[in-house]
Amino acid sequence: MVEFNLKEKVVLIAGGSSGIGFAAAMQFIEEGCNVVIAARDQIKLNSLFKTRKFNQSSVHVLSVDLGTQKGIEDFIEYGTSNFKKIDILVNTLPLPFSTYSINNNISQVDWETALQDKLLSYIALMSSVLPLMKKNNWGRIINVAGITSKEPSCNLITSGVINAAIVNLTKSFSQVYSVFNICINVVNPGFVATERFDHFIEQQARAHHQNKYDLQTSIIQTIPARRLGRPDEIANLIVFLASDKAGYITGTSISVDGGVSKSTG
Ligand SMILES: NC(=O)c1ccc[n+]([C@@H]2O[C@H](COP(=O)([O-])OP(=O)(O)OC[C@H]3O[C@@H](n4cnc5c(N)ncnc54)[C@H](OP(=O)(O)O)[C@@H]3O)[C@@H](O)[C@H]2O)c1
């Protein structure tokens, strides 16, 4: 068995009540971490995490909107006041749904919302935890972006632009903080079976007057593995990158996509 040595690490997950963030939270709990999960829907958080204390780990949930400065401040404050340190930050916030296609005349407001909800939130979250990690001379940040960061698509234009910026941002930050044993990386999921993916299929099917099952089947045909990814398959990489095993991996972006991306870089 691979020993990740994550016991008692304090993990903040921005967007941990669903999909990839939730799968990562469950794996960190199994590894014996203290996990703080932020999402907006309090009822969902409470129903997902009924048990908060385990043998070696604990779960804390916080209902905040991380698209706002106040939400981010509350999240960080909650983590530091309960644990005095933050070891690992996982950013896994989605973009708003209305801003996908280049053919939709994406408005200025849509662009600003998309930037705020993912890119600017990631920047604010990273900037808040990095001084604490530097003080501890150890840290891990995993930014979940998407394969559009490397392979632009006119149907996913905001996603591509913002995910590419996240890769660039990650590289720059990693160069400054590696010397403090802080590794910062990007994970790029392909098509993963989450609530978000379901909404995406419904939205695209409506926009292109297609049956959603036919659309999903046609997407799966483009994936060499001929299936959607599972959230836990993305979480496997997140947890690995958070561990001591990945101490020499930083500033990189890794796709977990069943082979769907074509780029070699
Ligand atoms: N699924 C895919 O196929 C796919 C593909 C490429 C990239 N990705 C990327 O992977 C990441 C995770 O996607 P996912 O599919 O796991 O999404 P998801 O299932 O929709 O989960 C998103 C999580 O973020 C929370 N959240 C959303 N907005 C928030 C806000 N303003 N403040 C606080 N929490 C917020 C949601 O809870 P609340 O709604 O209750 O706030 C939920 O817990 C995203 O960055 C996405 O772009 C996913």
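In each ligand, atom 1 is the first atom listed, and ligand 1 is the first ligand listed.
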- Has Lys70 got more than 12 heavy atoms of other residues, nucleotides or ligands less than 6.0 Å from its NZ? no
Ligand 1-proximal atoms of [X], by part, heavy-atom distance under 4.0 Å:
X      : answer
Ala145 : backbone
Val192 : both
Asn163 : neither
Phe75  : neither
His199 : neither

Near [X], which atoms of ligand 1 are under 4.0 Å from a heavy atom of that residue?
X      : value
Gly67  : 31 (N)
Val144 : 9 (C), 10 (O), 11 (C), 45 (O)
Gly19  : 16 (O), 19 (O)
Thr194 : 1 (N), 14 (P), 15 (O), 16 (O), 19 (O)
Tyr122 : 45 (O)
Lys118 : 44 (C), 45 (O), 46 (C), 47 (O)
Asp65  : 30 (C), 31 (N), 32 (N)
Phe191 : 3 (O)

- Output, in order, the C-alpha distance, side-chain angles, deciding distance and verdict of ring pair (Phe, Tyr, Trp, His ring centres under 6.0 Å) for Phe49 and His60. CA-CA 8 Å; Phe49 299 100; His60 301 250; over 10 Å; no
- Tyr177 and Phe173 aromatic ring geometry - parallel, tilted or perpendicular at 30°/60° bounds: parallel
- Task: Please state whether the rings of Phe200 and Phe191 are parallel, tilted or perpendicular, taking 30° and 60° as the class boundaries.
- Result: parallel
Looking only at distances, can you tell me whether any N or O atom of [X], backbone or side chain, sits closer than 3.5 Å to an N or O atom of ligand 1?
X      : value
Ile20  : yes
Ile147 : no
Ala39  : no

- Message: Yes or no: does Leu95 have any heavy atom under 4.0 Å from an atom of ligand 1?
- Response: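 The answer is no: ligand 1 sits nowhere under 4.0 Å from a heavy atom of Leu95.
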- Measuring from the heavy atoms of Gly190, does anything fall under 4.0 Å of ligand 1? yes
- Query: Is Lys9 close enough and on-axis enough to Trp138, meaning under 6.0 Å and within 45°, for cation-pi?
  - Reply: yes
- Item | Validation row: Val11, Ile86 side chains within 4.5 angstrom (heavy atoms) | no
- Message: Using the side-chain hydrogen bond (donor to acceptor under 3.5 Å, both in side chains) definition, which of the options Gln203, Glu202, Gln204 pairs with Lys212?
- Response: Glu202
- Query: Out of Asn185, Asn143, Thr250, which residue meets the side-chain hydrogen bond (donor to acceptor under 3.5 Å, both in side chains) rule with Thr170?
  - Reply: Asn143
- When you check the side-chain N and O atoms of Asn91 and Lys118, is any donor under 3.5 Å from an acceptor?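 Checked: Asn91/Lys118 side chains show no N/O donor-acceptor pair below 3.5 Å.
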- For residues Ser159 and Thr148, is any side-chain donor paired with an opposing acceptor at under 3.5 Å? yes
- Message: Return the OG1 to CD1 distance between Thr194 and Ile234, rounded to the nearest 0.5 Å.
- Response: 9.5 Å
